[in-house]
Structures are given as C-alpha cells and as structure tokens.
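Letters A, B, ... are given to chains in the order of the sequence lines, protein chains preceding strands, and every chain is numbered from 1. Predicted, not measured: the structure shown is a model, and the values here were computed from it.
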Number of protein chains: 2
Amino acid sequence: MDDARGRLAAAAVEAFADNGFHATTTRDIASRAGMSPAALYVHHRSKEGLLFALSRDGHLAALDVVTEAAARHDDPTARLQAMIHDFTQWHAEHSKTARIVQYELAALTPDHLAEVARHRRAIERTVREVLEEGVARGEFEVADVPGTALAMLSLAVDLVRWYEPGGSRSPQQLADLYAGLALRMARPL
Amino acid sequence: MDDARGRLAAAAVEAFADNGFHATTTRDIASRAGMSPAALYVHHRSKEGLLFALSRDGHLAALDVVTEAAARHDDPTARLQAMIHDFTQWHAEHSKTARIVQYELAALTPDHLAEVARHRRAIERTVREVLEEGVARGEFEVADVPGTALAMLSLAVDLVRWYEPGGSRSPQQLADLYAGLALRMARPL
DNA sequence: GTCTATAAGATGATAGAC
DNA sequence: GTCTATCATCTTATAGAC
C-alpha cells in the first residue's frame, strides 16, 4: 500500500465511500493520495476503471468470506450461522469498501457490471443452497427460499448505509445479532 | 400533477431514482418535464431544494404508513405484522421515491438533513416501541430491541436497491414475506 | 512516473426578452 | 412563467516538459 497505485486506491475508497462516485472528482482522489490529478491516469485508464478495480476486489473478498465460512461447517444450521456472521462482520469491518460494492454498481460500464454481477449471484446461490439443504434435512422451515436468502443478505448489505466505525455496536456484536436473526428466520415454527 | 411544479417533481423522481442526485443534471430534469433548464429555478430555489421537497414528502408518507398501521392494531404481534407489511409494501410500490428517501441523504444541506432525520427517528421509535410492548406482554423474546428494530426496517429499506416493478415478486408478496420474517425475528424461541 | 498546463466539454444558476 | 443566451466554474482526461 506504499506504492502509488495502492495510495490512489486507498484514497479512492475513502472518497467514493464518503461522497459517492459521481460526487468525487479525480482531483479529490489525487490530492488525498498526495499526487497531481494527472498521476491517476498513469495507473488507471479512467475514474471508472479505478472504481471497477475497487468493486471487483471487494466483491471477490466478500464472496471469499462467505465461501470460507460455508466450507468450515457441514451442518446447515452451523453453516448458515457462520455465513451470515462472517458476511456481516466483513461488511462492518470493511464498511467503506462494502459501500462501494453495494451502492456504486450503476456507475460501472456494462462489461464491468457484468463481471461483478457474476460474483453477486455466486454469493446469493451459496445462501440459497444452505437453506435448501437445511429444509431437506428438516433443520429449517422456509416457504420462500430465494426470498429468504435475499432478506438475510439484506441485513448485512443495509448495514453499510448507516454503520460508522467506533459506533455503539462492534462488528462482532452486529455479526452475532444478524446471524441469530437469520437462524430465527429459518428455524421451524 | 399537470402543473409545471408537479411535472418537474415527477421528472426529478425518475431522474434521481434512476441515476442518483449527482449524476442527474438540471437539464435532464427539465427536458423530462418538457421545459427549459431555466424553468426549474422558477419553481425551486436550487437542484438541492427540489431534492429536499421530494425527500421530505417521501419521509412523511413513509412515517404515515407506519403510524397508520400501528394505530389499526392493539396486540403487539398484529401491530408489528401490519407495520412491517405496510412499510415494505410502500417501499415496493413507491420504489423510486423510496430510493431517494433512503439513498440521497448525503446530498441534502445540513438543515434539510436535520429535518428528515427527525422523521427517520420517529419511524425507528415506532418499531422499537412495539417490540418493547411485545416483550413486556410476553409475546416477543428480543434480546437487542434497537438492533432488531433496525434489522426489520433494513429488510424494507434494502429492497429499493434491487426492486423493479413488474419483477417476479409483487409488492404484496414481498410485504407478506418480510412481515412474516419480522414475526419470526421477534417470536419466543 | 510525476509534474504543470490546458484542452474540450459539461454543469448549476442567472439575465433579460417576450 | 417560459424562453434563449450566457456566465462562471468545474469536470475528465491529455500533452509535453523534466
């Protein structure tokens, strides 16, 4: 993160997360990184190209967190708990990157959007699959599996709208809370 | 909606919801309303002033929906179910206005933000109160009332990120789904 | 790779005719 | 109340010196 490219990326995460892609200027990013506006174009094709690099890396990190959590458990209940816990914790601990991942899709070019959309679908599929298996084993009772999967992910996604580091809830507390709520959503009545 | 002010407001809802406040130009709003860019300034002090009018009206409508649903029921279970049902349905049926309400707070001036923040807190308070009463009566078992209230509202709020009219789920179906999930979140274990 | 300077165009808002 | 024309400024991105 000491190279120029990394400094620009770190500056862009702050700027995009705080002000949004369209309200952020290339001058703002460059000056946060201690460089001139022209330097940005040595390391990135365009302002959108820089956004895409951040969004793609963020999507891959989020997908990895969910996949790893799922792989650590065999039992659907434990697996779902771990997946929502870690997905929530990641969103809180990386709330600025997560804000870019979740809220700046519309600023991507069609090609770049298509790539991150694949990663998004992979995350949703992983949650649907654990719900399906829990229902099959009788551990869960879920009438609408795709809709309930979407709702569980919404909890973590929506946290980036209001979360601020150092607030009244730690990432761990939020992760415990939302993982517990997800289990309640799936548990047999 | 046939007067010029109403046409500008309707055009701005579409433009802000589709492209975001900062990516929307006054020329875009005016041309969607069939007027010249200058006409916007006859009816609104600024682009932000137009945003505030939409955001304030949307917040008041959302607050009204929750308050009315709460007032229709005495039992905490029925009241919570109605509140989340109607709040969800409103977000789906007015998804463009709701997108402005939920995602364009950062574009408001400090004074304007302070006003809509009061309406937001009123909505949160109403949900917290029904949870507190349900717990007191033994109908609910909720360890973290403020956090759970936030999670219930997150379901409806986050729907405006992905919802499109004419999709696979109707506003009523989503409202039923999320109201049911909210009851599961609060029900005794 | 970084800078200064600037091109080329878009932007929010206003002036003044009708 | 609407228009055309325009101001002053800001924007992304590039050119060319070092």
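Residue Val42(A) places its side chain closer to dT2(C) than to any other of dT4(D), dA13(C), dT2(C). Taking every side-chain heavy atom of Ala4(B) into account, dT2(D) is the closest of dT4(D), dA13(C), dT2(D). Each of dG1(C), dA13(C), dC3(D) was ranked by its minimum atom distance to the side chain of Met35(B); first place goes to dC3(D). With distances taken from any side-chain atom of Ala39(B) to the nucleotides dC3(D), dT11(D), dG12(C), the minimum falls on dC3(D). Each of dT2(D), dA13(D), dA15(C) was ranked by its minimum atom distance to the side chain of Ala38(B); first place goes to dA15(C).
Between His59(B) and His119(B), the ring planes lie tilted relative to each other; the angle falls in the 30° to 60° range.
Whole-Å rounding puts the Phe21(A) CZ to dT11(D) P distance at 13 Å. Atom pair Tyr41(B):OH and dG16(C):P shows a separation of 18 Å (rounding to whole Å applied). The distance from atom CZ of Arg7(A) to atom C1' of dT2(C) is 11 Å, rounded to the nearest whole Å. The nearest whole Å value for the distance from the CG atom in Leu50(B) to the C1' atom in dG12(C) is 13 Å. Between the NE2 atom of His44(A) and the C1' atom of dA13(D) there is a distance of 15 Å, rounded to whole Å. Nucleotide dC3(C) holds its C1' atom 14 Å from the CG atom of Leu8(A), rounded to whole Å. Rounded to a whole Å, the CZ atom of Arg5(B) is 14 Å from the C1' atom of dG1(D). Arg27(B) has its CZ atom 7 Å from the P atom of dG12(C), to the nearest Å.
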Go through it in stages, so that I can follow the logic: the residues are Arg72(B) and Asp86(B), the test is side chain to side chain contact (heavy atoms under 4.5 Å, CB included), and I'd like the CA-CA distance, side-chain angles, deciding distance and then a yes or no. CA-CA 12 Å; Arg72(B) 283 202 311 276; Asp86(B) 290 7; 2.9 Å; yes

Go through the steps to decide whether Glu14(A) and Lys96(A) satisfy the test salt bridge (charged side-chain N to carboxylate O under 4.0 Å, His left out), and finish with yes or no. CA-CA 7 Å; Glu14(A) 295 288 319; Lys96(A) 302 218 173 197; 3.1 Å; yes

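Applying the 6.0 Å contact sphere to CZ of Arg45(A) captures no more than 12 heavy atoms from other residues, nucleotides or ligands.
Ser36(B) comes within contact range of at least one nucleobase, with a heavy-atom separation under 4.0 Å.
If Arg45(A) and Ala23(A) are placed on DNA chain D by their nearest nucleotide, the residue sitting closer to the 5' end is Ala23(A).
Residues Gln172(A) and His85(A) bring no donor and acceptor atom of their side chains to less than 3.5 Å of each other.
Taking 4.0 angstrom as the limit, His22(A) places none of its side-chain polar atoms (N or O) nearer than this to OP1 or OP2 of dT11(D).
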